Structure formats: structure tokens, C-alpha cells
Asker: 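Could you have a look at this structure, given as C-alpha cells, before my questions?
For clarity, every value in this text was computed on a predicted model and none was experimentally measured. Residue numbering restarts at 1 for every chain, and letters A, B, ... go by the order of the sequence lines.
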Amino acid sequence: MRAGIFAALCLAFAGTAQAETITITIGKATFMPAAVSARVGDVIVWDNKDIVAHTATARDKAWDVMIPAGKAARIEMKKAGDIEYYCRFHPNMVGKLQVAP
Amino acid sequence: MTRLKTTIALVAAAMLAGAGAANAQAAKINDAQIAHIAYTAGVIDVEAGKLALKKSKTKAVREFAESMVRDHAAVNDKALALVKKLNVKPQDNDTSKALTKQAAAKKAELSKLSGAAFDKAYVANEVAYHKTVNGALEKTLIPSAQNAELKSLLETGLKIFQGHEQHAEHVAASLK
């Protein structure tokens, strides 16, 4: 009986597909890791360890996140798809998010 | 435009001359001189950015200039903190002198321009200037740097400044 309740709880828990927080570190003007897989509802955090400000700007202009020097900034993934992004201040910095439904 | 090109060529030649001398006598360029060259190059671009913020009304140009002032000041602050920690006194040298001299000439030239002519000349010079300084960092200053922390700061700086070069190219393309 107890085992049955436990199993049911586990299933319920798994079914809600907990949103995750995924951290991308910025150092030496580089997004690390450069490619990240996520799901809709996950939160992407960019943790900027550099001494200069950066942005994470979607190529399709869906979002534009300012990340001040030494600070972190976050955004929730609202739709599925492959999104390429870059830093507006340093366009040689590029990254990719693969967001599953 | 011809004069602009001539100036760019002169700066490039001065940097190359400096770089050539450094290559021929690798021991002749020390960390104190490298720090001075890198710091001087940063100050020059902060000054150019401030001039652009005074003269330009174009959004893309102003954003770029703000970014230059902010980034080069941040990297130079870090460089100053590092030389203090390492107890190194930045040392004036021929390359720094050539950079400063060329920058003064460029500033005088840009100061006479306004509007679209200023925007174009400023951004074109930023492309050329970052190309020259990045080349010097990559080929001479970073390989010659002895101190690991100085080398690391220069490497981070190079990546940031390569970003500036691309940013400047994008702004230049948007002005056409």
C-alpha cells in the first residue's frame, strides 16, 4: 500500500517535468558551454565573470538580455526551437540554445 | 579619404616597425613596456569614443562609442591594478610614442568633421585601429609577455577587442 502511494507520487512528480535552471558562464569573452539543450519553461542564466558587460541577443530578435560585468541575468525559455544568439557588443561571441517542447 | 588612408597606413607602419624591432630583439620588449603600449592603446580609444559621443547623433555610432569607453576603461583599470600588484612601472617606449602621436593627428582630423562625414571617418578609423592593435597584441605583445597574469589579461583583452573590430565593421556597414 505504502509502496503504491510512493510510486504514484513519483509518477506525479515526473509528470510535472520540473523546470530546470541552466547556467552558461561567460569568461574571456566566451559563452561556456557554447551550445546548450533546454526545454520550454527552463530558465537560462548567463553568469558574466568578465570585467566588461555583455549581451545575449537572439539572432531572430526574440530577446535581448543585458548582462553587466560581474553579474548574472536570466530569461525563461518560452518556445521551442534552435536559437542562435550573440553579444551585441562583441559579435565574435556566439552561442546556441536547443529548446525542446 | 586619401588622408584618412594615409594616416591609417602610417599608424600601421609605426606599429609594424615597433613589432619588427620587437621580433628581431625579443628580449628588448619587456613587460613594463608591453603594459605601457596596451594601456596607451586603450586610453587612445577611450578618448576617440568620448569625441564620438560629443559629435555623433547616430544611435549605432553612439552605442559603439559608449561600448568603447566602457570596455577600454574597464580593461585599463584591470591593467593598472595588475601592474601595481606586480610592482611594475609601465615604461614609455617608441611604440607608445608613435601611437600617441598618430592618435593626436587623427583626433585633429576627426574634430574638423561633423554629421555623416564624422560618423564614417570615426568608424572606419575604429576598424583600422582595432585591426592594427589586435595584430600587435597577437603577434608581438602576447608572445613577448613574460608574466602569466599580464599575458592572460592581454589574451582576454584581445578577444574583447576582436569583438570591437567586428562590431565596428557592422556599424560601418550600417552607415552605407
Asker: Tell me whether B:Arg70 forms a cation-pi arrangement with A:Phe89, defined as NZ or CZ under 6.0 Å from the six-membered ring centre and within 45 degrees of its axis.
Answerer: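 Because its charged atom sits under 6.0 Å from the ring centre and within 45° of the axis, B:Arg70 does stack over A:Phe89.
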Asker: If I compare all heavy atoms of A:Pro91 with all of B:His170, which pair ends up nearest, and what's the gap?
Answerer: CB-CE1, 3.6 Å
Asker: Using the rule that two of Ile, Leu, Val, Met, Phe, Trp, Tyr join whenever any of their side-chain heavy atoms come within less than 4.5 Å, decide whether A:Met93 and B:Leu158 are in one cluster.
Answerer: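 Each belongs to a different hydrophobic cluster.
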Asker: Are A:Met32 and A:Tyr85 connected, step by step, through hydrophobic side chains (Ile, Leu, Val, Met, Phe, Trp, Tyr) whose heavy atoms are closer than 4.5 Å?
Answerer: no
Asker: Are there residues of residues 57-74 of chain A whose heavy atoms fall under 4.5 Å of chain B's heavy atoms? If so, which?
Answerer: none
Asker: How long is the gap from NE2 on A:His90 to CD on B:Gln166, to the nearest 0.5 Å?
Answerer: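 Output value for this atom pair is 11.0 Å.
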Asker: Supply the members, apart from B:Val69, of the Ile/Leu/Val/Met/Phe/Trp/Tyr cluster built from side-chain contacts under 4.5 Å; use none for a lone residue.
Answerer: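 B:Val69 shares its hydrophobic cluster with B:Val46, B:Leu53.
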Asker: Establish whether B:Ile160 and A:Ile26 are linked, either directly or via other cluster members, by ILVMFWY side-chain heavy-atom contacts under 4.5 Å.
Answerer: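 No, it is not one cluster - the side chains of B:Ile160 and A:Ile26 are not joined through contacts under 4.5 Å.
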Asker: Going by distance alone, is a donor N or O of one side chain under 3.5 Å from an acceptor N or O of the other, for A:Asn92 and B:His167?
Answerer: no
Asker: Heavy-atom distance under 4.5 Å between the side chains of A:Arg88 and B:Ser67, does that happen here?
Answerer: no
Asker: Is the backbone of A:Ala29 close enough, under 3.5 Å, to the side chain of B:Lys159 for a donor and an acceptor to pair up by distance?
Answerer: yes
Asker: Taking 4.5 Å as the heavy-atom cut-off, does anything in residues 43-56 of chain A contact chain B, and if so which residues?
Answerer: A:Asp50, A:Ile51, A:Val52, A:Ala53
Asker: Once salt bridge (Lys or Arg N to Asp or Glu O under 4.0 Å) is applied, do any residues pair with B:Lys54, and if so which ones, sequence neighbours excluded?
Answerer: none
Asker: Are B:Ile142 and B:Tyr129 grouped together when hydrophobic residues (ILVMFWY) are joined by side-chain heavy atoms under 4.5 angstrom apart?
Answerer: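 Yes, B:Ile142 and B:Tyr129 fall within the same hydrophobic cluster.
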Asker: Do B:Leu150 and B:Val75 belong to the same hydrophobic cluster, where Ile, Leu, Val, Met, Phe, Trp and Tyr are linked whenever their side-chain heavy atoms lie under 4.5 Å apart, directly or via other members?
Answerer: yes
Asker: Output the option from B:Lys78, B:Glu63, B:Glu165, B:Glu155 having the highest count of non-hydrogen pairs under 4.5 Å with chain A.
Answerer: B:Lys78
